[in-house]
Amino acid sequence: MKKILHVCAEFYPLLKTGGLADVTGALPKAQIKLGDQVRVLIPGFPAIKAGIKNTNIVKNVDTYAGHVTLLFGYFEDIGVYIIDAPHLYDRPGSPYHDANQNDYSDNYLRFALLGWIASELACGLDYFWQPDLLHCHDWHAGLTCAYLNLKQSSHHAKSVFTIHNLAYHGSFNRYHLSQIQIPESYFNVNGLEYHGQISYLKAGLFYADHITAVSPTYAKEITTPELGNGFEGLLKTRSEQRRLSGILNGIDDEVWNPTSDSLIAARYSKRKLDIKKTDKYELQREFNLDVESNGPLFCVISRLTEQKGLDLILSLLPEILDRGGQFILLGSGDNKLQQAFSEFVNNPQYSNKIAVYFGYNEELSHRIIAGADVFMMPSRFEPCGLTQLYALKYGTLPLVRRTGGLADTVIDSTDENLDKKISTGFSFIDCNEDGLRYAVNRAFQLWQTQQVWRSLQRRAMSQQFSWQDSARKYQQLYYAISRKL
Ligand code: ADP
Ligand code: GLC
């Protein structure tokens with residue numbers, strides 16, 4: 001049995017901006033079921049403190065980032081360490097930026113402290129619980145690996161750094177080095193230097209004992225110049241040293257399950273698939289879409305960012321709507337994308353055919369996944385993607401670009417794959433309008449034969465992406481790296 005500490009900045013259901021939270025909320029639960037001792041370390045953001053009220057003080061510590069109190073409490077079965085430092089973390093909204101989307105100017109300090117406390121826990125900060133393995137997520141926790149390296153004579157812990165998204169580097173001015181107590185010698189190509197700055201992501205990539213990406217395909221893609229973000233050289237080397245691998249995310253069955261989901265209008269299963277019609281009808285009514293329409297209802301649930309390829313959807317929307325399709329989007333982020341989608345909604349030509357909801361709405365995301373027919377995710381790159389997994393589970397056929405985790409989880413409905421009875425959705429390769437058109441055409445074509453559509457839905461719903469499998473793979477990895485010197 002191992003003592004594992006997850007170091008992260010989000011945690012479902014208390015604080016979530018994207019899939020990272022889904023992972024840090026679900027993976028510990030699955031690992032506890034496997035018998036490991038698992039805890040989480042997270043900054044004391046307001047939502048975390050409000051969600052875990054019953055805490056004990058582990059220690060009061062004076063740090064380079066001021067006075068902080070380390071708290072410990074339970075969220076369900078998961079033990080959570082909270083870094084209580086109101087001067088750094090007590091800010092409303094996103095954990096990373098203010099209401100105008102500007103990163104907080106002291107982010108270097110806020111997330112350095114997260115890594116520093118994590119490394120102190122490895123060195124015995126909590127007398128009663130000392131982790132053997134620190135599992136660090138994304139750049140927010142990257143500095144943990146550098147601090148562990150710095151303090152290697154004071155602990156025996158190993159580290160795993162998981163890349164959820166290589167596009168966010170956590171880069172800060174080098175003059176902060178001394179403030180965060182990292183020696184100048186670490187500011188090196190063979191260290192945490194990246195283009196003249198300190199990169200917390202690179203600290204994770206360089207100093208971790210092992211790196212994982214959240215899908216096998218993404219683990220390969222990031223060793224190439226196209227998707228390596230400038231880290232491909234380092235990642236290729238680490239891969240050749242067998243220090244980089246891909247482990248796919250899973251689905252939290254307690255949260256995403258059409259047979260038991262209390263947030264949807266009507267619950268259904270593979271055998272009672274007819275009931276899904278009620279979810280579609282209720283969704284159409286809620287958003288004033290034509291309930292008489294016989295066309296497929298396409299949907300998107302996403303952060304509105306360049307990564308997700310939503311501009312491709314914009315260029316194909318007139319065709320989708322003119323062919324009798326409907327479209328609904330739930331998303332928040334980029335203003336230009338919001339405006340572009342709004343123009344369609346305001347165009348009388350498309351009234352009762354398209355609806356958008358800008359903002360973050362967990363409950364609505366369940367109603368949309370249950371009610372729609374096709375789930376669109378034409379991402380430029382996608383480390384794993386969770387929403388397409390939820391869509392599969394709800395029989396809402398995913399239509400995705402074949403990249404990263406999308407390539408690992410969705411099988412295109414080509415004639416050959418249909419014959420072999422292995423297809424589960426639609427996918428395309430070329431990241432342009434024609435690529436997307438190919439997949440959309442295929443969806444419209446198969447929609448004509450509802451019997452085929454049904455069999456696709458059933459196959460999609462039968463796919464297994466359980467956290468138990470992923471947790472087992474992490475467990476094997478932890479044991480393997482503990483044995484390595
Ligand atoms: P990413 O982490 O890149 O955003 P994922 O597909 O891994 O992509 O995870 C996204 C998660 O965030 C899913 O749980 C999805 O349902 C949720 N999500 C994204 N946008 C919204 C939104 N506007 N409202 C509610 N949930 C959202
Ligand atoms: C990131 C990625 C997404 C992945 C999620 C959880 O936000 O963009 O593909 O599913 O992390 O690992």
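Small disclaimer: the values here were computed from a predicted structure and weren't measured. Indexing begins at 1, ligand by ligand and atom by atom, following the structure's order.
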- Query: Which word best sums up how the rings of Tyr350 and Phe344 line up, parallel for under 30°, tilted for 30 to 60°, or perpendicular for over 60°?
  - Reply: tilted
- Message: Taking 4.0 angstrom as the limit and counting only heavy atoms of Met377, give me the atoms of ligand 1 inside it, by number and element.
- Response: 6 (O)
- Message: Looking only at distances, can you tell me whether any N or O atom of Leu386, backbone or side chain, sits closer than 3.5 Å to an N or O atom of ligand 1?
- Response: yes
- Measure the distances from the heavy atoms of Gly385 to every atom of ligand 2 and state whether one is below 4.0 angstrom. yes
- Task: Examine the proximity of ligand 2 to Met377 and report which part, side chain or backbone, both or neither, has a heavy atom under 4.0 Å away.
- Result: neither
- Message: Would you call the rings of Tyr96 and Trp139 parallel, tilted or perpendicular, taking 30° and 60° as the class edges?
- Response: tilted
- Message: Suppose I only count heavy atoms of Gly385 and a 4.0 Å limit; which atoms of ligand 1 are within that range?
- Response: 6 (O), 7 (O)
- Task: Go through the steps for Tyr438 and Asp434 under the test side chain to side chain donor-acceptor pair (under 3.5 Å), then give the verdict.
- Result: CA-CA 6 Å; Tyr438 156 83; Asp434 283 340; over 6 Å; no
- Task: State the atoms of ligand 1, each with its element, that fall below the 4.0 Å cut-off from a heavy-atom position in Tyr390.
- Result: 14 (O)
- Message: Considering both backbone and side-chain atoms of Thr387, is one of its nitrogen or oxygen atoms within less than 3.5 Å of a nitrogen or oxygen in ligand 1?
- Response: yes
- Taking the six-membered ring for Trp, are Phe444 and Phe298 parallel (under 30°), tilted (30 to 60°) or perpendicular (over 60°)? tilted
- Task: If you have a sec, work out which protein heavy atom is nearest atom 12 (O) of ligand 1 and how many Å separate them, to one decimal?
- Result: Lys16 CE, 3.6 Å
- Message: Using a 6.0 Å distance limit plus a 45 degree cone around the ring axis, check whether Lys2 lies over the aromatic ring of Tyr479.
- Response: yes
- Task: Identify, for atom 22 (C) of ligand 1, the protein heavy atom at the shortest distance, and state residue, atom and that distance.
- Result: Tyr360 CD1, 3.5 Å
- Message: Is it the case that the side chain of Arg303 and the backbone of Gly18 share a donor-acceptor pair, with hydrogens and angles ignored and the cut-off at 3.5 Å?
- Response: no
- Item | Polar contact flag for Glu362 and ligand 1 (N/O pairs, less than 3.5 Å) | no
- Region of Leu20 engaging ligand 2 - heavy atom pairs below 4.0 Å: backbone
- Task: Indicate whether any N or O donor in one side chain lies under 3.5 Å from an N or O acceptor in the other, for Asp373 and Gln326.
- Result: no
- Do His137 and Phe161 have their ring centres less than 6.0 Å from each other? no
- Query: At a 4.0 Å threshold, what atoms of ligand 1 neighbour a non-hydrogen atom of Lys308?
  - Reply: 1 (P), 3 (O), 4 (O), 8 (O)
- Any nitrogen or oxygen of Ser365, main chain or side chain, under 3.5 Å from a nitrogen or oxygen of ligand 1? no
- Item | Nearest neighbour of atom 14 (O) of ligand 1 from the list Val214, Asp22, Val255, on a heavy-atom basis | Asp22
- Is there any N or O on Gly359 that sits under 3.5 Å from an N or O of ligand 1? yes
- Flag the pair Tyr89 / Phe111 as yes when their ring centroid distance falls below 6.0 Å, and as no otherwise. no
- Would you say ligand 2 has an N or O under 3.5 Å from any N or O of Cys384? yes
- Item | Nearest-neighbour protein heavy atom for atom 24 (N) of ligand 1, which is reported as residue plus atom name and distance | Asn361 N, 3.0 Å
- Message: Which of the numbered atoms in ligand 1 are under 4.0 angstrom from any heavy atom belonging to Ser302?
- Response: 20 (N)
- Item | Short N or O distance, Gly19 and ligand 2, threshold 3.5 Å exclusive | no
- Query: Under a 4.0 Å heavy-atom limit, does Asn249 contact ligand 2 with its side chain, its backbone, both, or neither?
  - Reply: side chain
- Query: Is there a side chain to side chain donor-acceptor pair (under 3.5 Å) between Ser245 and His210 once you walk through the steps?
  - Reply: CA-CA 8 Å; Ser245 52; His210 192 94; 2.8 Å; yes
- Message: Let's go through Thr17 and Glu10 carefully: what are the C-alpha distance in whole Å and the side-chain angles of both, what is the deciding distance for side chain to side chain donor-acceptor pair (under 3.5 Å) to 0.1 Å, and is it a yes or a no?
- Response: CA-CA 8 Å; Thr17 74; Glu10 300 186 26; 2.7 Å; yes
- Query: In terms of residue, atom name and distance, what is the protein heavy atom nearest to atom 2 (O) of ligand 1?
  - Reply: Gly19 N, 2.7 Å
- Query: Between Asp252, Asp253, Asp261, which is the residue that forms a salt bridge (Lys or Arg N to Asp or Glu O under 4.0 Å) with Lys393?
  - Reply: Asp253
- Is there any N or O on Arg303 that sits under 3.5 Å from an N or O of ligand 1? yes
- Assess Arg91 against Tyr104: is NZ or CZ under 6.0 Å from the centre of the six-membered ring, and within 45 degrees of the ring's axis? yes
